[in-house]
Amino acid sequence: MGIYVNPNNDLFKKALNSKIYVDKSGMIEVTNNLLDTEQNCMCISRPRRFGKSMGINLLIAYYSKGCDSKELFANLKIAQNPDFEKHLNKYNVIWLNLPNFKQPGKGAETILPLMTKLLKKELKQEFPDVSVEEDYPLQIILSEIYNQKKEKFIILIDEWDFIFRESTNTKIQEEYVDFLRILFKDRPYVKLAYITGILPVKRYNTQSALNNFIEYSMIIPRNLAEYFGFTEEEVKALCKNLNRDFDEIKAWYDGYLMPNNVHLYNPCSVVQAMDGGKLQGYWVATSSFEALRIPINLNIDGIRESVLEMMGGARIMADVSDFQCDTDAIESRDQAQKMKKYLFLTVKSRVNLINLLN
């Protein structure tokens, strides 16, 4: 058991011990069906505070050889699945949370070297009898472990796009994408790759480099829609258990309408409202949402008028087929239109719109 190789289930225990916990273990059935398949590389892109890390902690607890989680899952939905014990704590898991490798006072160029150094060290401790030099590239070490021990890996990367958000240096970004491409492309040691981020792979023009990853986004969630936030049924159950007014909660936090008429609520906001008992715009305090103030206040390309129309109950049409959640500096009319798309996808309730304009 290590920090990065076959970690324990402590983070998932914290979630279960919380006053409010919504069972999302059903997503494990989806990932189980993708193990050792051509579709086993998944990119999960969601806004901030929509449970990306919670999902990874769930997968760690379920798959990692470094812990025994049978009792933790005993009362959860996945325990009713006939394949529950077949995969429970049976696999080598590599867990990488990119922000954890950011060193104070140092730039993004140090993230990848530190991450690979620490990961190689733990792999050596976990597989001491595998004959391989520590200074070999990571993919060579993993390949040798597979060749010599027939051991495969479930690789979980949280905030995979952190380096892109930390640095605009093209060289650093290209080196990182090259690292990911070599690590995952056609590698027999990969049982499952599951990476999460705010932005999808396509945002960084990495289609050719990372084209083996299947995108699961807010626009195209595929069969994971109900796991991208709290569903309406789940929020109703919380309101009933905690004696809260569902209509009030819905007015504040019902933010997304997903395919198949699935309504999604922001988990962070709902939990804070339920626990603290105060209805307020928790989500609008996040940095990505705050970034909308400037283009709205400057009324770039008529965004402010569109917001006012929405506050009056009007529907504003927008083509979101190429939506990339891009909140970079607005320098052209086309970029302003993209910002509009982001606004329409992230703001629904009138209360949140009012908060933005204040």
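As the structure is a prediction and not an experimental result, all values here were calculated from the model.
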**Request:** Compute the ring centroids of F73 and Y62, then answer whether they are less than 6.0 Å apart.
**Result:** yes
**Asked** Quick check, are the ring centers of Y256 and F50 under 6.0 angstrom apart?
**Response** yes
Is there a donor-acceptor pair under 3.5 Å between the side chain of [X] and the backbone N or O of [Y]?
X: N89; Y: S69; result: yes
X: N147; Y: S143; result: yes
X: T196; Y: E159; result: yes
X: D245; Y: E248; result: yes

**Fill in**
Hits for side chain to side chain donor-acceptor pair (under 3.5 Å) against E85, two or more places apart or cross-chain, chain-then-number order -> K70
**Complete:** On a heavy-atom basis, the closest approach of Y216 and F228 is O-CZ, 3.2 Å
**Request:** Can you see which heavy atom on K120 is nearest to which on Y136, and at what distance?
**Result:** NZ-O, 2.7 Å
**Message:** Are more than 12 heavy atoms, taken from residues, nucleotides or ligands other than L34, located less than 6.0 Å from that residue's CG atom?
**Reply:** yes
**Asked** Aromatic rings Y21 and F12: how do their planes relate, parallel, tilted or perpendicular, breaks at 30° and 60°?
**Response** perpendicular
**Request:** For the pair F164 and W160, name the ring-plane relationship: parallel under 30°, tilted 30 to 60°, perpendicular over 60°.
**Result:** perpendicular
**Request:** Apply ring pair (Phe, Tyr, Trp, His ring centres under 6.0 Å) to the pair F101 and Y4, showing each step before the final yes or no.
**Result:** CA-CA 11 Å; F101 301 100; Y4 314 111; 5.3 Å; yes
**Item:** Within 45° cone of Y189 ring axis and under 6.0 Å: K152 NZ or CZ
**Value:** no
